Each structure stands twice: as C-alpha cells, then as structure tokens.
Amino acid sequence: MALTDTATLPAASEDWHRLSFTGSGREYFGIWIVNILLTIVTVGIYSAWAKVRRNRYFYGNSVLLGRGFEYHAKGKQIFIGRLIVFAYLVIYNVLLTVVPLVGIALAVLILFFIPWLVMRGLRFNARVTSYRNVRFNFVGGVGGAFLAFLVGPVLAALTLGILAPLASRWMYRYIGNNMRYGTKAFTTDPGLGAIYKNWLLSALIILLGLLIIGFLVFLNMSLIFSLIDKPQSLPPELQAAMVTMGVIGYLVILVSFGIAALVYRAGVRNVAWSSTLFDGRHPLKSDLPRFGYAWVAVSNLIVTLLTLGLMRPWAAVRLARYVNTHTAVRFSGNVGEVFAVSEQDGSAVGAEFMAYEGFDFGF
Amino acid sequence: MKASILASDNRTIAEGEWHPAHSSLSVVARLVEDAGALVVERVPGGDRLATGELASVEVSPRVGSIPRRVNFADGSLFETTDNDAIDRWLLRSGRRSTSLVHRLERFHPRLVVLVVATFLLGSLVYRYALPVLVEVAVAVTPPVVPKIMSVSTMETMDRTMLSPSQLNAGKQREISEDFARIAALSPRGTAGYSLNFRAGGAVGPNAFALPDGTLVLTDELVELAAGDDEMIIGVLAHEIGHVELEHSLRQVYRAAGMAGLIMMLAGDVGSGIEDLLVQGGGLLALSHSRTAEAAADRHSVELMSKAGFDATAIARFFELLEQKLGDRSDTSMLSTHPGTPERKKAILDYAAEVQAKQQAD
Ligand SMILES: [Zn+2]
C-alpha cells in the first residue's frame, strides 16, 4: 500500500514539540462526580471502570503533535487485579491479627514479590497505552526491579535519604531503558551529579524546617524546663501554649518535608527526562520549574480541602496541564513509520498493587 | 465528478485519520456508510482503505471529548475528534449512541443533584452501611478466630514483655475468687473467662482482655491498688466489658472497611487528600476507641453493682491514676484511657443512674 503521502511524525527540525493538555476542569467534573457516585452506589465495584474512564480522559487529552494518547485497559481487567490485591490485604491483615508470626512471614514473602509485581505493573501500564495506533511496551526484568524498587529505597531509608539520588537514578534507568514504543527503544542515563544538585536543594529545605523548630524550642526553653520540673503545676494557659507550639512544629515538619519532596520529584524528573533519547537520536525534555511545580501541587491541595473536594477536578486538570506543557520532544531526523508489536496486556495485579502502594508513573 | 463528491458527502459519517494495522503512519480519511458496511475512504481521492461489517466494528465509548476510535477487524484504526457525528450515526443505525454514564457526566445543572447525592450517600455509607458491614463480619466470624487470635497474642506477649507473676498465692486466690463473682454474672459465665497473673515489665500497671475471654492482670497494678481489691475487680469488670462487646474484632473490621473505602476512591481524590484521609481515619479510630472505653466503663458499673460491689470502684482507679501520674513518667495508661477526669465523672453519673433505677424496681 502506497502511503507516501501520509501524515507522519514531522521531519527533522530544531523545534521542541511540547505536550499539551486539552481537557478542562468543567468537563472532567462530570466524569469525576459520576465516578465517585457510582463507586459509592456499587460499594466500590465501579471503581475499576471509573479508573478506566479517568485514565482515558487524561491520556486522551494529553496531546503531542495534534494527537492524543489512549488508555486501553478494560474495567474487568482492573477489577480482577484489584480483587486479588484486596484479597491479599484482607488475608494478610487477618493473619497478622490471628497468627502474627505467619502474617509477618507473609509480609516478608511479599517483599520479595515486589520486584516481580512492579515489573508486571510497569509492563501492564505500558502495554495498555498507545500513541498513533502503536502501543508502548516495557521489557524490564525482575533483577532490575529488585535493584530499583527494593535495594534502592531500602538504601535511601537506611542512609536517611543521603543515597536517595542513587535510588532515583536506578529507578529512572530501569524504567527509561526498558521502555519501548512499538519496535523502537528509549534510552536514558541521568547523571548522578545532576540529581545530587537537586537533592541538595531539598536537603536545605528540610534543614531550614528543622532550624525553625530548633528556634521555636529555644524560645520556649524556660517553658519546657518548668514542664520537666513539675508537670502538673503548669497553668492552663501555658499548657495551651505548649499545644500550640506542638501543632506549629508538626506543621513546619509537614510543610518542609512536603515541599522538599515535591521539589526533588520535579528536579529529578527534569534530569531524567532530559537525558532520555527515543530511538537513539530524538531527545526528550522536561523543564518543570521546581518551585512552580511545588506551588501548583500545594495550592491544589489547599483549594481542594477548602472546597470539600469539589475543586479536585479543576486541580487535577491544572496539574496535568502544568506537567504536560513542561514536557517536550525534538526530532533529529525523520522518525518514519513505527510498527506495533503484538503483546498480551497481561494481568493488572501488578499495576493495581503499584497503585495501592503509591507508585505512580503515568505520562 | 461533482455529483459523485456530493453523493459521497451525504454518506459521510465523520472526517478523521486512518492508521493501517500496527502502524503509526496515518492518512487523512473519512468514515462512510455504504450498503450496510462501514468504509474508510482516503481524502482526497476516495480510495477504499478499510471495509467492515457494522457488527464487526468496535467503536470506543465516549469519554468527554477525547478522540473516538473505530477499530476494524483487520486491525486498522479510524480516529476522529467529531464525537457528535459518531453519536448521531450510532443513533441512526439503531445502536446505543452514548452510554448512560456519559449522559450523566455531561456538564449540566443537574450535576448539582449528583453532588448532593454523592455527599448524602457517602455519609450514609460511612454512618450506616459501614457499621452494618462490621456487624455482619463480626457475626459470621467463627469463634475459633478470636480463640487463635488470643492464644497467639498471649504467647507473643509472654515471650516478649510479660514474665511469671511474683504475687503470693494467697493474694492471687483472693482476687480470683472476687473475679469469679462478677464473671458468673456475665453472659459467658465463669467458664468463659480465665484470669492470668503476670509481672508486667514494660507494660507497667495494666490489665487487658483478649477477645476469647483471657484476662491479664499485672503485679504492678495490684501493687498500685495497695490492698483495694474491689478497685481491681472494677478494672477487670471493665475488661470483661471489652470482651462481651467484642471490641477488638470490631476495631479490626472497622479499620479494614475504612482502608477499603479509601482505596476505592484513591484515584479520584488524589494522593495528597488520600494521605490526609488516612490520617483522619486514624483520628476517627481513636475517637471510636474512646466510645468503646466509655461503654466498657458502663459495663463495669453495671456488673459491679449487680455483684454487690461498689459500682464506682473503677472511678477510684482513675482517681489513683491522676494522683500517681505526677510522679510516674509511664503514660501508657493515659494514652489508652484518655480524658481521665471526664471519665471519672461519667462513671459516677452512670452509677447514680443505675442505683436510681434499682431503687425504682
Ligand atoms: Zn479499656
């Protein structure tokens, strides 16, 4: 078939092609409220189909070069995956209370299953995503997932976050180097130095939070001494002051760790995406302003809370638009025709497990 | 030539792009209906790119205004942004045009009704359905579950924190005999309970009940009571209350129900709100354990008064706690039994109420 005159990915140019988000909070509101309502009415069963509609909306409105992405998972697949994860959680919790030792053994067992589950989850999510009629794929193995999702986080936690950049690098290398679009591969190699530069900023934010708390404690030193001295003699107004101080301290910790995490996430995404090539020559780019991203996320949370959740659709669309418009690709040379590889989607258990555990790597 | 273009326009369903099977390349094309079959034609030109029986073609369900996909059996794909045109054609050809779900989702004043319904149903589920589910789960739980739960917990506690009691046998017998008097008045009877003496260690002055009726009393609590055995029995009556009211099973099921609810809605509320919900759920569980404590306190009052003991004996325990708290750094009792002065007052009020009722009878 002669398709020489077909619309195709553009020829080489120096332009960065940015993603856009074409959805609106107004349109998503209806989808969102119906999702929640039907989920409640069906005691949770509809939540699987709700996920499909939500993802189709966000993927479909993520547009690159005039064409959107598509999410192909079926509600039934998600439902079965969810059912298995839920059954596991129930059995685990019952065992933990009934026979604690067996419960703990099960937790350890699942710990060693995590790499496999994450690998299958990434594969499922990739295979149910398409762009221009060609599906993505993920070809990573269990070993890489073990390093990226078990060794990395454990190492980062044991070193109080000092080795977190190493863990981030492993994770992005595992995902980025095993991602496929049709028959073509992505490659990435985020530099450790660049990640550490981002890490330093987050570490400083946390340090600042701790300093503020230290300062608060110093200001109230006399109060704390009198408390240690004779606790019940504290007059009520001073007790109230102590409670206020505790609340402020808690908020400072929450805000500084939250902002540090958001800033780090955006910074590492920039480093990782910007060192990624598609098909060995077309570079990707992420240029999220780190504090801009943190501001969007934090103000989204505040607005959502103040409106009892009703502004959540607006907030979700706002974040998607912000992230998409700071993501781009440049074509050095003609991409040409990309052929799809036929693969089974596989089971959604891994993907649902990842969703439950809070791993989130959408587009 | 002109006529044929006009004719083809009349048959046109929608304009869009067409992909051959398994390919990222696309052609500008239009979808037309021709003699009961669906055809994709190249624009311009009109060459046939794909043909399919109406029944064998799969049209993706509408979500918002994302592009609509028409999948042909040969694997090729026609995609269009003209959702309305596809809906009109589906309606014309007698198929379900848009799903009920999509019609509900459209932005329209009636969405206000959906919002109100969601809030109402959400609070109904939380207030009524969740407790009912918890009750059902408690009812269908075979008695062997709390039994195994208790045996293994007891074993773990014995291995880690507790050690054999140093209390002399006479004292143990005294307390056991008094305890038997209140146990006999409980629905489960004396056989339903076993009182165990242990040295508390890190647990400190404490008494706790396991769901199968195994009660543990620490030497430290007996010491704290300084000879006031009636007060100890009051505390044990409170623990019997926890067993009779099946508080620990309820707590487990409630927590599971809350976790399930949050899990289902996680994707729709976002991870930030989800974290807050989990924290809020923890606070709610805490307030729930307070209601459970109050219920166990009332149980103690009833049981003690029935057995002919001082109904307010457990209030003396809280008084003692308040006094001793100043020079004791161990606040484990405080954290599990918060709001001591109010609790004391609630107990005294309830005892007076029970007494008034008894006199009336
Ligand atoms: Zn209690």
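What you see is a predicted model, and the numbers here were worked out from it, not measured in a lab. Note on naming: letters A, B, ... go to the chains in the order of the sequence lines (proteins, then strands), and numbering restarts at 1 for each one.
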What part of [X] lies closer than 4.5 angstrom to a heavy atom of chain A: side chain, backbone, both or neither?
| X | answer |
| --- | --- |
| B/P61 | both |
| B/F119 | side chain |
| B/V115 | both |
| B/E79 | side chain |
| B/A21 | backbone |

| What pairs meet the ring pair (Phe, Tyr, Trp, His ring centres under 6.0 Å) rule with one or both residues in residues 130-155 of chain B, with sequence neighbours excluded? |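 Pairs touching residues 130-155 of chain B that pass the test: none.
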| said: Around atom NZ of A/K184, are there more than 12 heavy atoms from other residues, nucleotides or ligands closer than 6.0 Å? | reply: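 Yes, the 6.0 Å shell around NZ holds more than 12 heavy atoms from other groups.
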| request: Return yes when atom CZ of A/F86 has more than 12 non-hydrogen atoms of other residues, nucleotides or ligands closer than 6.0 Å, and no otherwise. | output: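 Atom CZ in A/F86 is not crowded, with 12 or fewer foreign heavy atoms closer than 6.0 Å.
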| task | Any chance you could lay out the ring pair (Phe, Tyr, Trp, His ring centres under 6.0 Å) test for A/Y59 and A/Y71, step after step, and finish with the verdict? | result | CA-CA 6 Å; A/Y59 283 47; A/Y71 182 74; 5.1 Å; yes
What residue, out of [options], has the most heavy-atom pairs lying under 4.5 Å from chain B?
| options | value |
| --- | --- |
| A/G258, A/S47, A/A316 | A/S47 |
| A/R135, A/R54, A/K51 | A/R54 |
| A/Y28, A/Y57, A/F29 | A/Y57 |
| A/L319, A/N55, A/V134 | A/V134 |
| A/L301, A/V34, A/I31 | A/I31 |

Measure [X] against the heavy atoms of chain B and call it side chain, backbone, both or neither at under 4.5 Å.
| X | result |
| --- | --- |
| A/V41 | side chain |
| A/R312 | side chain |
| A/L308 | both |
| A/S24 | neither |
| A/R67 | side chain |

| Is the A/W49 ring parallel, tilted or perpendicular to the A/F79 ring (thresholds 30°, 60°)? |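 A/W49 vs A/F79 ring planes: tilted.
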| query | Is the A/F136 ring parallel, tilted or perpendicular to the A/Y181 ring (thresholds 30°, 60°)? | reply |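 Because their plane-to-plane angle lies in the 30° to 60° range, the rings of A/F136 and A/Y181 count as tilted.
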| said: With no hydrogens and no angle check, just 3.5 Å: does a side-chain donor-acceptor pair link A/R318 and A/S299? | reply: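 Indeed, the side chains of A/R318 and A/S299 share at least one donor-acceptor pair under 3.5 Å.
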| message | For the residue pair B/S26 / B/W18, report whether a side-chain donor-acceptor contact shorter than 3.5 Å exists. | response |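 The criterion, which ignores hydrogens and geometry beyond distance, is not satisfied for B/S26 and B/W18.
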| field | Short N-O contact, B/R30 and B/D82, less than 4.0 angstrom | value |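 A salt bridge is absent here (no side-chain N lies under 4.0 Å from a carboxylate O).
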| request: Report the C-alpha distance between A/E27 and B/S65 in whole Å, list the side-chain angles of each, state the deciding distance to 0.1 Å, and finish with yes or no for side chain to side chain donor-acceptor pair (under 3.5 Å). | output: CA-CA 8 Å; A/E27 192 177 48; B/S65 41; 2.7 Å; yes
